[in-house]
Structures are given as structure tokens and as C-alpha cells.
Amino acid sequence: MTTPLIAVLGSINMDLVTTTAIRPAPGETVLGHDFTMVPGGKGANQAIAASRAGAKTMFLGAIGTDVFAPRLRAVLTESGVDTTCLRTVEGPSGIATIVVDDSGENNIIVVGGANTAMTDLSTADLTAIAAADVLVCQLETPLATVTAAVHHAHVHDTTVILNPSPVQHLSDELWDHVDVAVVNTGESEHLGGVLDRVPHVVVTLGADGARHRGPDGAHTTVTGPVVEVVDTTGAGDTFTGALAVRWAQGPATALRFACAAGSLATTTLGASAAIPWRTDIDAVLEQ
Ligand code: RIB
């Protein structure tokens, strides 16, 4: 297998994570167990997942000039992600406030910070997208920039994997340039028939694995290993990054690899802290 070249355009946030037995209802105050800060952001998580799973990975995004910025940059470089296209913009980095309950489920609020400054693509960004085998995007970056990146990838025969999260309305033009959509069940229901425009749709099913629908309409479901869930934050991102790494080997192989990676990502607290390395994924697949 040749090492794939993956460009990830997306967000990078410092996740402020509180753990508690039960997430509070509106207007309710509850006592928590613990608090920690872990680098995250859907884009960074997906880039880290792709790199740790064995791809040569570039991250296209922005950090601020605040106290969190050095740690955000470091988690990318420590994971082997190329940060040539990582910008620093004056002001705060992206922040995510996350509450994780005892079942591992979460609520997340993202304040975009530096991510919102990604209003254009630099020459280096465009070069990275054109040279990549796969472009991976999500929707915590300004939509016009995602649209331009997807169009540029399409023109240069770079496979486009879009994780349309947080879910929102997208133009038909954008959808028509997406090769693979990765959604969870809620996003799939929300988007409905527009997903029919996309040749490959992958729906993540949590503990039940993932389902692929190809251009011929055929469905394949793949299950992952059974694990003890601590925190589901970033599991979908890990799945998406790992899927991109193996996409060239076909959907069945890619889903199996991604399900293993995504499952492992639920076994540790904190998005980037939980993303497995290639050896961990291979070990699970060999069991
Ligand atoms: O998908 C999980 C991620 O969503 C978190 O890391 C948080 O930063 C938000 O972007």
C-alpha cells in the first residue's frame, strides 16, 4: 500500500471538558466529577487520526495568539501532521465547552475564534489540496472556504470526503463535488434526500459500526470491536480520518479500519487524547 497524502481543512479547538454523572437539564445545576483541557476540533481530530493511522497529512486551519495556541500546534506536530498551512491569527483560538456523562455521551458548544478567520484559501492551501489524494472537510470552518476547497479538489481529481457537521444547509454545487459523505444517524435524517446526490454515503452507527451506500445503491454494514466506552467525543472524527487513509482500498476495507479506530477512540477521555495510532488499530483488527 502506498502512503496516501491527505489534506484536512477544518477547525482546531481547545476542548474544556467537564465530566458528570448526568448532563444537566435546562435550568438545572449538577455537580461534576472532573475538569480537563484537551486539544480537539473536528478538523484537527480528523487530521490527527489520519496521521496516526499512517497517512502523510497536512492540516489547513488557524490558531489564535492566546495561551492555548502553543498546545494546539504541538498536538498536531507530535502526531506527525504537517503544519505548513496552519495560520496564526490575532485573538483567541477556537474553544469547545464539552460535558461528558457517565455513559460517555456529550454536549458540545463551539466558539469558533481563530477558525472563523479561515475566510480564504492561501496559495499553499490550494497547492496542498491539488496535490492530495483525499481532501477531508467538516463545517466548523466558514462555508465559503469549504465550498472553494471542495471545488478546487474536484477540479484536481482529489477525492472529497465531507463530514457535514455541525449539520447545516449546503448548496447543491457543494454536494455535487463531494465523493464521500460521512454522517451520523441524526445528520443522515436531517439531510435526507440531498445525500442521494453523493456517490458514497457512510453512516456511523455508534456501537453498531457503520453502513456504506455506494453509487449502485447497495448497502454494506460493518461492525467494530466491542469496547468499554468512556467518552464518545471525537470518535466520529477518528472514524472519518481513518476512513480517508484506507479509502483507496475500497469501502469495505476502509469501513473495517475506520470502525476499529473509532471504537478505540471512545475508550479514553478527551478527543485528541483518545485517537489511536496505526499499531493500536492493527492490533484490534488482528484479534
Ligand atoms: O467532534 C468533536 C469535536 O467537536 C470536539 O473536539 C470539539 O472541539 C468540536 O469541534
Side-chain angles (χ1 to χ4, degrees), residues 8-19 23 35-52 59-64 66 68-69 71-76 78-79 81 86 92-101 104-118 136-143 145-146 161-168 181-188 190 202-204 206 210 229-244 258 261-276:
V8 180
L9 168 70
S11 58
I12 180 163
N13 304 325
M14 183 56 84
D15 290 355
L16 311 181
V17 185
T18 300
T19 55
R23 286 169 289 150
F35 173 78
T36 186
M37 295 190 288
V38 188
K42 295 185 194 305
N45 294 339
Q46 292 174 15
I48 290 166
S51 182
R52 290 186 185 176
F59 180 68
L60 286 48
I63 53 175
D66 57 357
F68 298 132
R71 181 68 197 116
L72 295 179
R73 178 181 289 278
V75 74
L76 293 171
E78 286 163 6
S79 301
V81 177
L86 178 66
S93 301
I95 293 291
T97 302
I98 303 181
V99 180
V100 180
D101 68 22
E105 287 300 333
N106 62 46
N107 292 112
I108 304 178
I109 301 173
V110 175
V111 178
N115 299 299
T116 64
M118 287 293 294
V136 182
C137 302
Q138 337 69 39
L139 302 178
E140 287 180 348
T141 299
L143 206 47
T145 310
V146 175
I161 298 182
L162 177 67
N163 170 218
S165 180
V167 71
Q168 54 188 283
V182 181
V183 291
N184 62 27
T185 47
E187 290 156 356
S188 171
H190 183 100
V202 177
V203 182
T204 55
V229 176
V230 173
D231 176 15
T232 57
T233 309
D237 300 332
T238 302
F239 178 97
T240 303
L243 187 85
S263 296
L264 286 172
T266 67
T267 59
T268 305
L269 182 71
S272 61
I275 297 170

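Atoms within a ligand are numbered from 1 in the order they appear, just like the ligands themselves. Start at 1 with the first residue, then count along the sequence.
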Q | Donor-acceptor under 3.5 Å (Asp66 side chain, Ala69 main chain) | A | yes

Q. Which heavy atom of the protein is the closest neighbour of atom 2 (C) of ligand 1, given with residue, atom name and distance?
A. Asp237 OD2, 3.3 Å

Q. What do you reckon, does Gly41 have a nitrogen or oxygen under 3.5 Å from a nitrogen or oxygen of ligand 1?
A. yes

Q.
Main chain of Val17, side chain of Asp15: is a donor-acceptor contact present, judged purely on distance under 3.5 Å?
A. no

Q.
Is it the case that the side chain of Ser93 and the backbone of Gly64 share a donor-acceptor pair, with hydrogens and angles ignored and the cut-off at 3.5 Å?
A. yes

Q. Quick one: which ligand 1 atoms are inside 4.0 Å of a heavy atom on Ala271?
A. 6 (O)

Q. Relative to the heavy atoms of Asn13, which atoms of ligand 1 are at a distance of less than 4.0 Å?
A. 7 (C), 8 (O), 9 (C), 10 (O)

Q. In terms of atom number and element, which parts of ligand 1 are under 4.0 angstrom from non-hydrogen atoms of Ala96?
A. 7 (C), 8 (O)

(Q) I need the full list of side-chain hydrogen bond (donor to acceptor under 3.5 Å, both in side chains) pairs touching residues 35-47, with sequence neighbours left out, sorted by first then second residue. (A) Asn45-Asp237, Gln46-Gln138, Gln46-Asn163, Gln46-Asp237

Q: Run the numbers on Thr268 and Asp231 for side-chain contact (heavy atoms from CB on, under 4.5 Å), then give the verdict.
A: CA-CA 6 Å; Thr268 305; Asp231 176 15; over 6 Å; no

Q. Nearest to atom 9 (C) of ligand 1, what protein heavy atom do you find, and at what distance?
A. Glu140 OE2, 3.5 Å

Q. Nearest protein heavy atom to atom 7 (C) of ligand 1, by residue and atom, and its distance?
A. Asp15 OD1, 3.4 Å

Q: Identify, for atom 4 (O) of ligand 1, the protein heavy atom at the shortest distance, and state residue, atom and that distance.
A: Lys42 NZ, 3.1 Å

Q.
Treating Thr232 as the side-chain partner and Gly104 as the backbone partner, does any N or O pair qualify as donor plus acceptor under 3.5 Å?
A. yes

(Q) Any side-chain to backbone donor/acceptor pair from Ser11 onto Asn115? Under 3.5 Å, distance only. (A) no

Q.
Please list, in number order, the atoms of ligand 1 under 4.0 Å from a heavy atom of Gly40.
A. 6 (O), 8 (O)

Q: Output yes when the distance from some N or O of ligand 1 to some N or O of Asn45 is under 3.5 Å, and no in every other case.
A: yes

